[in-house]
Amino acid sequence: MEMDNDTRISEFLLLGLSEDPKLQPFLFGLFLSMYLITVFGKLLLILAVSSDSHLHTPMYFFLANLSFVDICFTSTTVPKMLWNIQTQSKLITYEGCITQIYFFLLFSSSDDFFLSVMAYDRFVAMCHPLHYTVIINPWLCGLLVLVSWIMSVLNSLLQSLMVLQLSFCTEVEISHFFCEPNQMIQLACSDNFLNDMVMYFLIVLLGGGPLAGILYSYSKIVSSIHRMSSAQGKYKAFSACASHLSVVSLFFCTSLGVYLSSAATQSSHASAVASVMYTVVTPMLNPFIYSLRNRDIKRALKRITGVPVM
């Protein structure tokens, strides 16, 4: 790769999930299908929430925001991978890599915060139902969304600027399908100790913090469900809780696992495969898990499409 005067290279090579030429058409079709399902499914969900007055509630407001974030999150990585497969090119420019890191960190952090905000919303709804409309008012909803975006912007800006301070000399191959921040830091030929410390500190703070809030909220929800007298009510509440927790577990366990395990293993390929779960699969499944068992969403989707939703 070409180098400029300060030893920074101008391009990187994204090795992707597999270098086997026979697998490329399959990977292209698979990820294109998942990407289209994600984008169209979430756009339909956002349209349903915005067009149906019955869905103008805090829960669906947060769900629409999460859907928008998931579209942006997936669009940060998948289109570039599809382009590289289609053109049989692995190149990404230095500027493109930094831009991808910035938006990846921005939308992954936003995902963390919105999942925790939705857990808090359900906690208030189930544990303090009489005070729900007073606590979760429009002003608080707007504030929670604004704070989530501000925290995400500050996190992505800080980490992206720190990556900009690194120098990359001869090692230009990234064993991933996008410019994954941790692998970028490890490729640097300059001292990356501070970057590592800041990255892991922010993972614990901005990943572990929201996760702790989610677990606390759902522990209180489960305790509240146990006090219900109706067996049918318990079943419905437990079913909804399990659906939400499955999304949270899938996203947090895979994303935190990828970063924390990287400190103890050098398996970049395994890390790339695991990253597919929280960058592609989880955003695709979110609208199904959160919405398709909801009668209000089904009614709104049927009104828009004219097709009954199972």
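Every heavy atom of this structure was used, including side-chain atoms; hydrogens, water molecules and symmetry mates were not.
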For Ser50, does its backbone N or O pair with a side-chain atom of His56 as donor and acceptor, under 3.5 Å? yes
Holding to side chain to side chain donor-acceptor pair (under 3.5 Å), I want the full list of residues that pass it with Ser51, two or more places apart in sequence or in another chain. Arg303
Let me confirm one number: the CZ-CG distance from Phe113 to Leu144, rounded to the nearest 0.5 Å. 11.5 Å
Contact between Ile92 and Phe178 at the side-chain level, heavy atoms closer than 4.5 Å - yes or no? no
Pairs where residues 10-93 contributes a residue and the test disulfide bond (SG atoms under 2.5 Å apart) is met, not counting sequence neighbours: none
Would the distance check show the side chain of Gln183 and the main-chain N or O of Ser175 forming a donor-acceptor pair, the cut-off being under 3.5 Å? yes
Only residue of Leu146, Val147, Val145 satisfying side-chain contact (heavy atoms from CB on, under 4.5 Å) with Trp149 is Val145
To the nearest 0.5 Å, atom CG of Asn192 lies from atom CE of Met197 at 9.0 Å
Of all heavy-atom pairs linking Val49 and Tyr60, the shortest is CG1-O, 3.6 Å
According to a hydrophobic-cluster definition based on side-chain heavy atoms being under 4.5 Å apart (Ile, Leu, Val, Met, Phe, Trp, Tyr only), do Val198 and Met151 belong together? yes
What is the minimum heavy-atom distance between Ile221 and Met126, and which atoms define it? CG2-SD, 3.5 Å
Using a 3.5 Å cut-off and no angle test, enumerate the donor-acceptor pairs between side-chain atoms of residues 152-160 and protein atoms at least two apart in sequence or in another chain.
residue	atom	partner	partner atom	Å
Ser152	OG	Ser110	N	3.1
Ser152	OG	Ser110	OG	3.1
Ser152	OG	Ser148	O	2.8
Asn155	OD1	Gln159	NE2	2.9
Asn155	ND2	Ser109	OG	2.7
Ser156	OG	Ser152	O	3.1
Ser156	OG	Val153	O	3.1
Ser160	OG	Ser156	O	2.7

Working to the nearest 0.5 angstrom, can you tell me the gap between Met81 CE and Gln86 CD? 12.5 Å
List the steps, then state whether side-chain contact (heavy atoms from CB on, under 4.5 Å) holds for Phe107 with Thr77. CA-CA 11 Å; Phe107 295 122; Thr77 58; over 6 Å; no
All side chain to side chain donor-acceptor pair (under 3.5 Å) counterparts of Ser223, not counting sequence neighbours: Arg227
Heavy atoms of Asn65 and Phe61 approach each other most closely as ND2-O, 2.8 Å
Is it true that Met284 and Val39 fall in one hydrophobic cluster, defined by side-chain heavy atoms closer than 4.5 Å? yes
Is it true that a side-chain atom of Ser67 and a backbone atom of Leu63 form a donor plus acceptor pair closer than 3.5 Å? yes
Tyr94 vs Leu164, test: side-chain contact (heavy atoms from CB on, under 4.5 Å). Steps then yes/no. CA-CA 10 Å; Tyr94 175 82; Leu164 276 172; 3.6 Å; yes
Should the heavy atoms of other residues, nucleotides or ligands under 6.0 Å from NZ of Lys80 be counted, would the total exceed 12? yes
Backbone of Asp20 reached by a side-chain donor or acceptor of Gln24 within 3.5 Å: yes
Sequence neighbours left out, what passes side chain to side chain donor-acceptor pair (under 3.5 Å) with Asp52? Give chain and number order. His54
Is any side-chain heavy atom of Asn84 closer than 4.5 Å to a side-chain heavy atom of Phe28? no
What's the separation between atom CG in Leu82 and atom CZ in Phe31, rounded to the nearest 0.5 Å? 8.5 Å
With heavy-atom distances below 4.5 Å as the criterion, would you say the side chains of Tyr102 and Val163 are in contact? no
Kindly give the heavy-atom pair with the smallest separation between Met199 and Ile185, and that separation in Å. SD-CD1, 3.9 Å
Could you work out, with side chain to side chain donor-acceptor pair (under 3.5 Å) as the rule, every residue matching Tyr35, not counting sequence neighbours? Ser75
Name the one of Leu23, Leu27, Leu17 that satisfies side-chain contact (heavy atoms from CB on, under 4.5 Å) with Ile85? Leu27
Rounding to 0.5 Å, atoms CD (Gln100) and OG1 (Thr76) come to a distance of 7.5 Å
ring-ring contact (aromatic ring centres under 6.0 Å, His included) partners of Phe177, counting only residues at least two apart: none
For a 4.5 angstrom cut-off between non-hydrogen side-chain atoms, does Thr279 reach Thr74? no
So disulfide bond (SG atoms under 2.5 Å apart) across residues 9-54, not counting sequence neighbours, yields none
Cys141 meets the disulfide bond (SG atoms under 2.5 Å apart) criterion, sequence neighbours left out, with none
CG of Leu106 to CG of Asp111, rounded to nearest 0.5 Å, is 10.5 Å
Applying salt bridge (charged side-chain N to carboxylate O under 4.0 Å, His left out), can you list everything that pairs with Glu19, at least two apart in sequence or on another chain? Lys90
Checking Ser217 side chain against Phe123 main chain: does a donor-acceptor pair fall under 3.5 Å? no
For Pro210 against Leu205, the heavy-atom pair lying closest together: CD-O, 3.7 Å
Does the side chain of Ile46 reach to within under 4.5 Å of the side chain of Ile71, using non-hydrogen atoms? yes
Does any part of the side chain of Leu66, heavy atoms only, come nearer than 4.5 Å to the side chain of Phe62, both counted from C-beta? no
All pairs passing disulfide bond (SG atoms under 2.5 Å apart) where residues 75-134 contributes a residue, at least two apart: Cys97-Cys179
Would you say the rings of Phe104 and Phe73 are close, in the sense that their centroids are separated by under 6.0 Å? yes
Quick check on the hydrophobic clustering: are Leu44 and Leu285 connected, directly or via other members, by side-chain heavy-atom contacts under 4.5 Å? yes
For Ile174, the option from Gln186, Glu180, Met184 that meets side-chain contact (heavy atoms from CB on, under 4.5 Å): Met184
Where is the tightest heavy-atom contact between Ile214 and Ser116, given as atom of each residue plus distance? CG1-CA, 3.5 Å
Show me the pairs that pass side chain to side chain donor-acceptor pair (under 3.5 Å) and involve residues 126-139, at least two apart or across chains. Asp121-Tyr132
Are more than 12 heavy atoms from other residues, nucleotides or ligands located less than 6.0 Å from atom CE of Met162? yes
Tell me whether Leu47 shares a hydrophobic cluster with Phe40, the cluster being built from Ile, Leu, Val, Met, Phe, Trp, Tyr side chains joined at under 4.5 Å. yes
Determine whether Val222 and Leu215 fall in the same hydrophobic cluster, where Ile, Leu, Val, Met, Phe, Trp and Tyr are linked whenever their side-chain heavy atoms lie under 4.5 Å apart. yes
